[in-house]
Structure formats: C-alpha cells, structure tokens
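All remarks here apply to the structure that follows.
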Number of protein chains: 2
Amino acid sequence: MQEILFAMNKCDQCIVRQLTSLKALNKEEVIKLANSKTTYSIKKGEAIFEEGEITNGVFCVKDGIGKLSKLSANGKDQIVKLVKSGELLGQRSMISNEPANLSAKAVADMEVCFIPKAEIIHFFNNNNQFSMNLMQTVCEDLKESENDKIALAQKTVKQRLAETLLYLHATFGENTDKTLKVQLTREELAGMIGTATESCIRLLSDFNKLELIELVGKKIVLKNVKALKKLAE
Amino acid sequence: MQEILFAMNKCDQCIVRQLTSLKALNKEEVIKLANSKTTYSIKKGEAIFEEGEITNGVFCVKDGIGKLSKLSANGKDQIVKLVKSGELLGQRSMISNEPANLSAKAVADMEVCFIPKAEIIHFFNNNNQFSMNLMQTVCEDLKESENDKIALAQKTVKQRLAETLLYLHATFGENTDKTLKVQLTREELAGMIGTATESCIRLLSDFNKLELIELVGKKIVLKNVKALKKLAE
DNA sequence: ATCGGAGTATGATAAATGTCATATTTAAAA
DNA sequence: TTTTAAATATGACATTTATCATACTCCGAT
C-alpha cells in the first residue's frame with residue numbers, strides 16, 4: 001500500500017498529467033503508468049531520439065525545450081516543431097509503427113519520462129477519453145503543420161521571421177531582462193523559418209535597425225510586437 | 001430482413017470500405033453506417049465544404065478527385081492536399097470540434113458519402129480497431145504534411161515542381177494518351193508547389209524544352225521520369 | 001587575463017523567383 | 001463554324017534570397 005501510494009504520487013503530482021492526453025487516466029491507470037515509466041535528464045544539445053530510430057514508446061516532456069528536426073540532403077537541419085513541458089514526443093511514429101521520421105534534441109536542458117508503447121496502447125484501447133484526447137493532440141499537430149505549410153509557401157522570409165519571433169515570444173516567454181527565453185542559434189532560427197543562416201542574420205540586423213527588436217549579444221528582445229505582427233500579416 | 005440486407009449492401013460493396021478506417025467495421029456497424037449516410041455528386045469546381053464551415057461529420061470519397069485548400073491573404077489559393085477514392089475528408093476538424101480549416105473542392109467530378117459525426121464517434125468509442133485505424137490515418141497525414149513542410153523550406157521551385165509532377169503521376173496515373181489523369185490548371189499546380197502561376201508556366205516550358213515532359217495543350221505527359229526524379233533529388 | 005574557435009555580422013555578387021505587360025492558344029458557347 | 005473569355009505563354013524587369021568571402025565578437029577553456 002505504501003508502495004502503491006508512492007508510485008502513484010510519482011506521476012500523480014507531475015504537471016505534465018494536467019496538460020496531455022494523460023489527464024484522462026484514472027487512479028489505477030496512473031499507478032500502472034508510474035510503474036512503467038522511466039525518467040531521463042537530457043542536456044542541451046543531446047538527442048532524445050534520432051531520425052530512423054525505433055522508439056517503442058512516447059516521451060513526455062516534464063521540463064525544458066526540445067526541437068523536432070530533420071536533416072535534409074543539402075546538410076541543413078530543418079526544425080519542424082519545438083516542444084515544451086506538457087507535450088508528448090514520438091506519438092506519431094509509435095502509432096504508425098514506423099521508425100521516427102524526425103530527430104528530437106534538447107534546445108535547453110530537459111527532463112523527460114519514457115512511457116512504453118504497451119502502456120499507451122493499453123490506455124488507448126481501454127479508455128475512450130484518453131484515445132480521444134490523444135487523437136485530438138495529433139489533429140492539433142496536423143492543423144498546425146498545414147498552416148505552417150501555407151505560411152512557408154506564401155510568405156516571404158521576412159514575414160516568416162517576424163511570425164517565428166512572435167511565436168517564440170508567445171510560447172516560451174521572456175527572461176527578466178526581456179530577452180527571449182528560448183535561445184536558439186541563428187542557424188536554428190534559420191532552420192525554423194526555412195532560409196539560409198546569413199539571410200536570417202541579415203534580417204535580424206534589419207529588424208534591429210528598424211527597432212522592431214534589439215540584439216543583446218546572441219539574445220533577442222522583442223521591442224515592437226505590434227509592428228512585428230503587422231509585418232507578419 | 002430484406003431491408004437490412006439491402007441497406008447493408010449499399011455500403012458493404014463500396015470500394016471505399018476496403019480502403020479506409022471503415023474496413024474495421026463489423027456487419028452490424030456497416031448497417032448502421034448505410035442507414036445514416038447520405039450520398040452526394042459534386043461537379044468539377046464545386047465545393048464539398050468551405051473553410052470556416054462546421055461540417056458535423058466526415059465525407060468519404062467514392063470517386064473523383066478533390067483538393068483541400070486555403071485562400072491566403074494575398075488572394076492565392078494554397079492547395080494543401082489532393083484526395084482520391086478511398087479517403088476521408090473533414091476528419092480533423094470533426095475530431096477537434098472546430099470549423100473546417102480548409103476548403104474541399106472537386107478537381108474532377110466526385111461522388112462522396114457524408115457520415116454524421118455521431119456515427120463516427122460511436123464507432124470510435126466502441127471499436128478499437130476502427131479508432132486505431134482512424135488514428136493511423138491522421139498520423140499518416142501528419143507525417144506527409146511534415147515532409148511537405150521540409151520540402152517547401154528546403155527545395156527550389158524547380159525541384160518542387162518535378163516532385164509534384166511525379167506525385168501526380170504516381171498517385172493518379174495517366175490516361176491512354178499518356179497525359180496525367182488529374183488535370184490541374186497551371187494556377188492550381190502553382191498553388192500546390194507554392195509559387196506564382198507565371199513561374200510555374202515558365203518552368204513547365206523549360207521542362208518541355210529539356211524533354212522531361214511534353215505539353216499537349218493544357219495536358220502534361222511525363223517523358224523522362226528518371227531525370228525528373230534526379231531533378232527532384 | 002588571454003587565447004581560440006564557434007557563432008555572428010556584413011559586403012559583393014549571383015541566382016532564383018515574383019510582378020507586370022502583352023501576346024497567343026484553347027475550348028466552350030453562340 | 002465563328003466568337004470570345006479564360007487559360008497559357010513569354011518578355012522585361014524588379015525584388016528577394018542564396019552563396020561565398022571575410023571580418024568581427026562573444027565566451028568558455030586554458
């Protein structure tokens with residue numbers, strides 16, 4: 001009994017459970033979850049899994065920021081999505097029974113929990129609310145991806161940069177000195193908007209001169225959110 | 001009894017059932033399906049649903065070809081996906097409980113069946129194989145969308161055009177005169193690859209001169225698939 | 001505190017793509 | 001068959017973006 005309570009608490013108090021499909025789990029299921037999960041610490045720059053790897057489960061992000069990316073033929077690392085606390089990683093390839101299509105790496109130190117495939121499938125088959133939640137998460141990802149696709153096809157690099165800076169600000173917030181909390185290199189930022197690193201740097205310079213942003217060393221401060229929004233359309 | 005058999009046949013013999021998540025349904029469920037579905041004929045150019053509409057169900061494509069697209073601020077219609085016989089439309093927004101993010105229009109005359117949301121949700125909650133199939137379909141769409149995103153971000157218009165022509169050929173096949181079966185206007189083709197109509201026309205001209213394709217009026221014949229594949233990388 | 005390398009910045013130039021104007025062709029309607 | 005509007009094609013040019021070269025700057029390791 002003591003043990004069960006202990007095990008349960010391990011997941012029961014985790015913030016992630018309030019945010020993901022996992023919120024649909026009942027007490028019994030949470031105990032099952034707590035007993036099968038494994039926790040990992042991932043240092044900035046390290047990989048959680050690599051493209052082509054078979055993961056056999058999903059990773060739950062407890063803390064930190066990660067990027068999902070794919071190395072393209074020309075050697076550029078295209079960032080498809082950033083993930084933060086409360087998101088699941090590797091759901092898609094697990095459900096499709098395929099090796100990972102993307103690599104997952106830490107952009108800031110991360111804490112993640114690994115949940116084996118068998119657990120997820122069990123919850124999926126026995127808890128309608130859970131399966132619906134999971135389904136909705138994937139649908140949300142799909143919508144976002146489709147909208148990104150449209151932006152990539154129709155907006156200029158400048159617009160996409162403005163949009164991405166606003167996204168980073170809205171999603172990950174700022175430090176006390178107003179700089180963006182996610183600290184991506186210029187190369188990573190270029191990889192998010194789909195452009196060359198130099199083009200990205202050049203446009204940041206332009207934005208700086210126009211006082212839309214301020215460059216504090218390698219960090220970025222958004223100075224004129226309204227104008228950035230207008231620029232992004 | 002006579003009636004039940006009749007109703008059942010209506011969906012039981014439909015090819016679509018062999019291709020979609022619907023293949024997991026049992027006899028009883030197929031009868032339920034047959035009794036609740038509505039069949040529509042959509043003429044080329046007509047809409048099945050428009051962006052922002054609440055559909056309250058999914059559309060099953062029995063025949064023909066459709067496009068999912070979104071009108072962007074600059075007035076261009078970005079095509080996100082083409083659908084053919086055996087695919088479901090509107091699953092995403094139905095599951096997310098949101099108005100449609102995209103418009104669905106016929107590119108060639110279509111036959112579609114509408115299945116009300118209540119039916120789908122019922123199958124989802126009571127048939128694990130169905131819910132898993134549906135989930136896998138959405139995951140497949142997500143993977144495709146992510147890969148499209150990478151292509152848009154990293155490939156040139158020329159590469160994307162080659163890639164798209166190969167996709168149209170592989171997915172929809174050719175007529176007896178070797179021309180592509182899907183007949184998109186140059187504007188639609190431009191909308192698929194995310195470029196200006198004139199750029200698309202110009203590149204088609206180039207491909208024609210290089211004997212990679214042949215332009216037969218408004219129709220297109222792929223003449224050198226190998227070279228196109230190489231071009232697309 | 002200094003050094004060295006990665007990351008950032010900027011210039012010069014080339015290449016890709018968009019835009020606007022205008023001609024030509026196609027296919028459907030009269 | 002002729003007519004006509006829409007679609008396709010092409011030229012001229014502007015703009016955007018990539019590429020290559022080089023310089024600068026930050027920050028951690030020594």
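Convention: sequence-line order gives letters A, B, ...; per-chain numbering from 1.
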What nucleotide, of C:dT8, D:dA18, C:dT19, holds the atom closest to the side chain of A:Ala196? D:dA18

note: A:Ile201, atom CD1; D:dT19, atom P; distance rounded to Å ~ 14 Å

Starting from C1' on C:dA15, measure out to CG on B:Leu203 and report it in whole angstrom. 13 Å

Rounded off to whole Å, could you give me the CD-to-P distance for the B:Gln154 and C:dT17 pair? 14 Å

Between C:dT10, D:dT10, D:dT19, which one does the side chain of B:Ser205 approach most closely? D:dT10

Of the nucleotides D:dT8, C:dA9, D:dT19, which has the atom closest to the A:Ser199 side chain? D:dT19

If you check the B:Thr195 side chain, which of C:dG18, D:dT8, D:dT19 turns out closest? C:dG18

Starting at the 5' end of DNA chain D and moving along, which residue's nearest nucleotide shows up first, A:Arg202 or A:Lys218? A:Arg202

Evaluate the criterion salt bridge (charged side-chain N to carboxylate O under 4.0 Å, His left out) for residue pair A:Glu187 and A:Lys76; output intermediate values, then yes/no. CA-CA 9 Å; A:Glu187 190 178 2; A:Lys76 281 182 190 168; over 6 Å; no

Nearest-Å distance for atom pair CG/C1', residues A:Leu161 and D:dT16: 14 Å

Whole-Å gap separating P (D:dT17) and CG (A:Leu152): 12 Å

Rounded to whole angstroms, how far apart are CD on A:Glu187 and C1' on D:dA18? 15 Å

Modelled atom types, side-chain donor and acceptor of B:Asn97 and B:Lys117, under 3.5 Å: yes

Does a side-chain N or O from A:Thr156 land closer than 4.0 Å to OP1 or OP2 of D:dT16, or not? no

Salt-bridge criterion met for B:Lys67 and B:Asp77 (N-O under 4.0 Å): yes

Output yes when A:Glu163 and A:Lys155 qualify as a salt bridge under the 4.0 Å nitrogen-oxygen rule, no when they do not. yes

Between CD of A:Glu198 and C1' of C:dA15 the distance, given in whole Å, is 15 Å

Can you tell which of C:dT17, D:dT19, C:dT10 lies closest to the side chain of B:Val157? C:dT17

Name the nucleic acid region contacted by B:Leu204, choosing base, sugar-phosphate or nothing; use a 4.0 angstrom heavy-atom cut-off, strictly under. nothing

At under 4.0 Å, does any side-chain N or O of B:Lys155 touch on OP1 or OP2 of C:dT17? no

With sugar-phosphate meaning primed atoms plus P, OP1 and OP2, does A:Lys76 contact a base, only sugar-phosphate, or nothing at under 4.0 Å between heavy atoms? sugar-phosphate

Within this structure, what is the NZ-to-C1' distance between B:Lys44 and D:dA7, rounded to whole angstrom? 12 Å

Are A:Val182 and A:Lys84 packed together at the side-chain level, in the sense that at least one heavy-atom pair is separated by less than 4.5 angstrom? no

Using a heavy-atom cut-off of under 4.0 Å over every strand shown, decide if A:Thr197 touches base, sugar-phosphate, or nothing. nothing

